[in-house]
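Below is one structure, written out as structure tokens; the observations come after it.
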Amino acid sequence: MPLTRRSFIQMVPASAAALALTSGAKAAEPIHHVTVLGGGFAGCTVAKYLRMWSNGEIAVTLIEPNSNHVSCIMSNLILNKRLKTTDLTFEYNDLQVKYGVEVVHDRALRIRGPQKQLRLKNAGWVNYDSLVVATGIQFDKIPGLVPSKVPHAWIAGGQTNNLRNKIIRMPDTGTFVMTIPKAPYRCPPGPYERACIVADILGRRSGYLDGTGNVAPRVIVLDANPGIMAEKGTFTSAFNDLYGDIIEYIPDAQVESVDSDNLIVNTSQGSFAGDVLNVIPNHGAQNILKVSGLTGDSRWADVDPVTYASTNTLFQDVYVIGDTQGTSQPKSGHMANAQAKICADSIIRTAHGLSSYTEERLQNITTNSACFSPITYDEASWLTAVYSYNPDTGSMGLVPGSLGEAHNWSSRNFNDMFTWSDNLFADTFK
Amino acid sequence: MRVISIKISGTLLIASAILMLPLSTAVAEDQTVNRMIASQCAQCHGTNGYARGSYPDLGGDEAKDLADHLYDMKGEDRPSDIMDHQALGYTDDQIRRIAQYYSTLPENGGD
Ligand SMILES: Cc1cc2nc3c(=O)[nH]c(=O)nc-3n(C[C@H](O)[C@H](O)[C@H](O)COP(=O)(O)OP(=O)(O)OC[C@H]3O[C@@H](n4cnc5c(N)ncnc54)[C@H](O)[C@@H]3O)c2cc1C
């Protein structure tokens with residue numbers, strides 16, 4: 001879309017600096033430059049809020065290998081065709097045009113903390129002033145696992161379509177086998193939600209749920225954890241009652257290996273064969289953080305939740321937000337967005353020579369999370385929680401009473417789910 | 001009075017205005033802190049409190065009304081809605097700050 005100065009002015013009347021950037025006039029010299037790695041929920045939110053809150057005083061370059069982002073949030077609804085991939089695909093146009101973020105399509109390969117340098121696949125070594133790492137997750141290797149044959153569909157996009165197509169082609173009364181990674185993992189209620197969606201798809205298709213078919217399809221859920229990790233009430237009742245004949249839930253099942261040709265998963269609770277196999281491997285921070293030494297011995301990158309700065313002293317001015325960071329807060333997109341705002345505020349303060357550790361600020365560091373889970377074709381549940389900083393422990397803690405889950409799944413929640421995601425997507429990408 | 005003059009100039013100017021100008025009030029409250037905590041509502045109520053769809057807008061509300069609303073929800077005997085749990089996540093002073101901040105924003109999010 002050709003962008004005229006006029007249309008731009010209509011879009012952002014308040015941001016004088018952003019205006020200047022795109023209208024051809026010379027922009028004011030930025031006071032600081034921030035490089036952001038990863039254009040997902042965390043990276044896009046931090047880029048947008050850095051620009052918006054600094055009134056254009058901070059220049060932001062976002063580095064992301066893909067030309068757009070496919071949201072994992074709501075992606076289980078691609079499996080039952082309530083949504084298409086295009087419904088969950090977000091372009092980087094708004095960040096560029098409305099907020100003046102520079103977007104570079106490249107992949108980070110390594111970070112040199114002491115030198116404040118970054119190696120990109122195409123551009124080679126470049127310097128950074130401040131670096132925000134928001135690269136999401138990477139899966140552990142599992143012997144025999146071939147992701148095209150046994151999809152995870154836990155990073156949305158081609159993998160999600162792959163899994164959907166396999167479900168479409170499987171027998172109506174066949175067996176779907178899925179595995180749940182060891183916590184902490186991306187989206188605590190997500191795998192249980194997926195089990196419900198698949199049980200609903202097969203239960204309808206076979207006629208078992210409405211009584212027109214008498215053979216129940218099977219959904220075998222192999223959980224590496226000792227029990228259901230989120231919305232326990234909701235999922236226990238969905239697994240036992242609503243889908244009681246379809247879902248079989250097996251806790252404490254650690255995946256050992258996979259036979260991707262014969263669709264068999266070998267676990268500490270035995271071997272399971274399915275018509276479709278959906279293995280979601282354990283995951284941690286991206287490999288580039290490990291090879292760069294940023295994560296040290298941890299699975300995730302440890303940070304100070306006052307700023308989201310890395311606690312690794314070799315990495316000054318490096319911040320880590322979203323699923324990649326290692327606080328005990330849940331790994332969700334809503335939460336990634338929340339952390340990005342704390343981080344943006346801190347970077348702006350630092351650029352102005354102001355402390356992030358004032359008493360007033362320390363008393364007001366909060367984040368929150370929300371997940372909506374579709375349970376049937378047109379009903380959903382939800383989960384929400386607020387976290388706040390505890391200066392005594394130096395960590396984020398759940399605020400008592402704020403943790404809540406829907407009393408029951410309902411069509412009202414299902415509709416609310418779309419309003420919530422619409423707002424979250426807009427606050428992140430638009 | 002301070003609030004009114006800020007409101008006209010829009011969201012983005014508040015931070016710099018407060019950071020740079022000495023305030024006449026006895027206790028200068030850090031508006032960037034209020035902005036940070038208020039932004040935690042934006043995932044559901046939209047950037048700068050300008051919501052899409054059926055969720056209510058927060059920008060431009062009277063500070064007292066917005067705060068009272070949240071105190072009410074926080075005080076529910078049996079919290080059941082998402083918002084009841086959200087309200088329980090904040091101290092009374094945090095709610096006051098959030099409400100104060102949204103009252104300085106234009107109703108349409110300034111966007
Ligand atoms: C089925 C499912 C349902 C979910 N439902 C919910 C929900 O209801 N609510 C909720 O809040 N969350 C939900 N989530 C979780 C949510 O999707 C994640 O928590 C969120 O995406 C994390 O954001 P992030 O920015 O850390 O990572 P991502 O959004 O994954 O973004 C990471 C980005 O970094 C890029 N990247 C990776 N490596 C590099 C590199 N080397 N260099 C540069 N860029 C790189 C990637 O391409 C990607 O764009 C769900 C997840 C799934 C799978």
Side-chain angles (χ1 to χ4, degrees), chain A residues 11-18 48-49 52-57 98 333-334 337-338 341-342 344-346 348-349 352 354 358 360-361 363-370 382 384-388 398-407 415-416 418-420 422-428 430, chain B residues 9-17 19-20 27-57 74 76 78-91 93-94 96-98 101 105-106 108-111:
Chain A
M11 279 187 273
V12 260
S15 173
K48 166 175 164 173
Y49 274 79
M52 192 171 82
W53 281 352
S54 77
N55 199 14
E57 278 185 334
K98 273 172 83 173
H334 190 110
N337 170 300
K341 292 164 180 169
I342 307 293
D345 178 72
S346 174
I348 294 169
R349 295 175 87 90
H352 282 106
L354 297 170
T358 63
E360 195 177 358
R361 189 172 184 276
Q363 294 299 328
N364 290 292
I365 294 174
T366 68
T367 57
N368 69 102
S369 187
W382 52 258
T384 193
V386 180
Y387 297 79
S388 78
L398 177 67
V399 181
S402 71
L403 176 66
E405 63 174 77
H407 291 317
N415 292 334
D416 272 355
F418 288 92
T419 315
W420 159 75
D422 212 17
N423 280 297
L424 174 59
F425 294 156
D427 191 41
T428 303
K430 295 179 180 172
Chain B
S9 49
T11 329
L12 293 161
L13 299 179
I14 293 170
S16 18
L19 287 170
M20 295 177 321
V27 185
E29 191 153 87
D30 188 338
Q31 285 292 317
T32 64
V33 167
N34 295 359
R35 177 178 72 182
M36 175 179 76
I37 186 164
S39 73
Q40 296 294 329
C41 316
Q43 288 96 314
C44 294
H45 290 281
T47 304
N48 295 328
Y50 189 40
R52 295 174 172 238
S54 58
Y55 288 11
D57 291 339
K74 194 177 164 183
E76 287 287 339
R78 296 202 292 140
S80 57
D81 286 335
I82 269 202
M83 229 12 252
D84 299 339
H85 290 282
Q86 279 286 324
L88 281 163
Y90 297 88
T91 64
D93 185 60
Q94 288 171 337
R96 183 192 57 73
R97 286 171 179 272
I98 291 168
Y101 182 71
L105 298 186
N108 67 358
D111 203 42

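Below, chain A is the first sequence line, B the second, and so on; all start at residue 1.
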Q. Is it the side chain or the backbone of A/Leu403 that comes within 4.5 Å of chain B heavy atoms, both, or neither?
A. backbone
Q. Rounded to the nearest 0.5 Å, what separation is found between the CD atom of B/Glu29 and the CD atom of A/Glu360?
A. 5.5 Å
Q. For A/Arg361, does its backbone N or O pair with a side-chain atom of B/Asp30 as donor and acceptor, under 3.5 Å?
A. no
**Q.** Interatomic spacing from CG in A/Leu354 to OG1 in B/Thr32 - rounded to 0.5 Å
**A.** 7.5 Å
Q) A/Val386 versus B/Gln40: any side-chain heavy-atom pair under 4.5 Å? A) no
Q) Hey, what do you get for CG (B/Asp93) to CD (A/Gln363), rounding to the nearest 0.5 Å? A) 9.0 Å
Q) Which region of A/His407, side chain (C-beta onward) or backbone (N, CA, C, O), has a non-hydrogen atom less than 4.5 Å from a non-hydrogen atom of chain B, or is it both or neither? A) side chain
Q) Can you list the residues that meet the side-chain contact (heavy atoms from CB on, under 4.5 Å) rule with B/Asp57, with sequence neighbours excluded? A) B/Tyr50, B/Ala51
Q: Would you give the length of the straight line joining atom CZ of B/Arg52 to atom CZ of A/Phe425, rounded to the nearest 0.5 angstrom?
A: 11.0 Å
Q | Approximate separation, where rounding is to 0.5 Å, of B/Ser39 OG and A/Asn337 CG | A | 8.0 Å
Q | Minimum heavy-atom distance B/Gly89-A/Ser402, with the two atoms named | A | CA-CB, 3.7 Å
**Q.** Under 4.5 Å from any heavy atom of chain B - which part of A/Trp382
**A.** side chain
Q: Please identify each residue that fulfils side-chain contact (heavy atoms from CB on, under 4.5 Å) with B/Gln94, with sequence neighbours left out.
A: A/Asn364, A/Thr366, B/Ile37, B/Tyr90, B/Thr91
Q) If every non-hydrogen atom of B/Met36 is compared with every non-hydrogen atom of A/Trp53, which pair is closest and at what distance? A) CA-CH2, 4.0 Å
Q.
Distance check, rounded to the nearest 0.5 Å: A/Asp427 atom CG versus B/Cys44 atom SG?
A. 9.5 Å
Q: Measure distances from B/Asp81 to the heavy atoms of chain A and classify the residue's part below 4.5 Å as side chain, backbone, both or neither.
A: both
**Q.** Residue pair B/His85, A/Asn368: steps toward the side-chain contact (heavy atoms from CB on, under 4.5 Å) verdict
**A.** CA-CA 11 Å; B/His85 290 282; A/Asn368 69 102; over 6 Å; no
(Q) Does any backbone or side-chain atom of A/Tyr49 lie under 4.5 Å from a heavy atom of chain B? Answer side chain, backbone, both or neither. (A) side chain
**Q.** Partner chain B: residue of A/Leu398, A/Asp416, A/Thr428, A/Asn415 with the largest heavy-atom pair count (under 4.5 Å)
**A.** A/Asp416
Q) Under a 4.5 Å heavy-atom cut-off, does chain B meet the side chain of A/Asp422, its backbone, both or neither? A) both
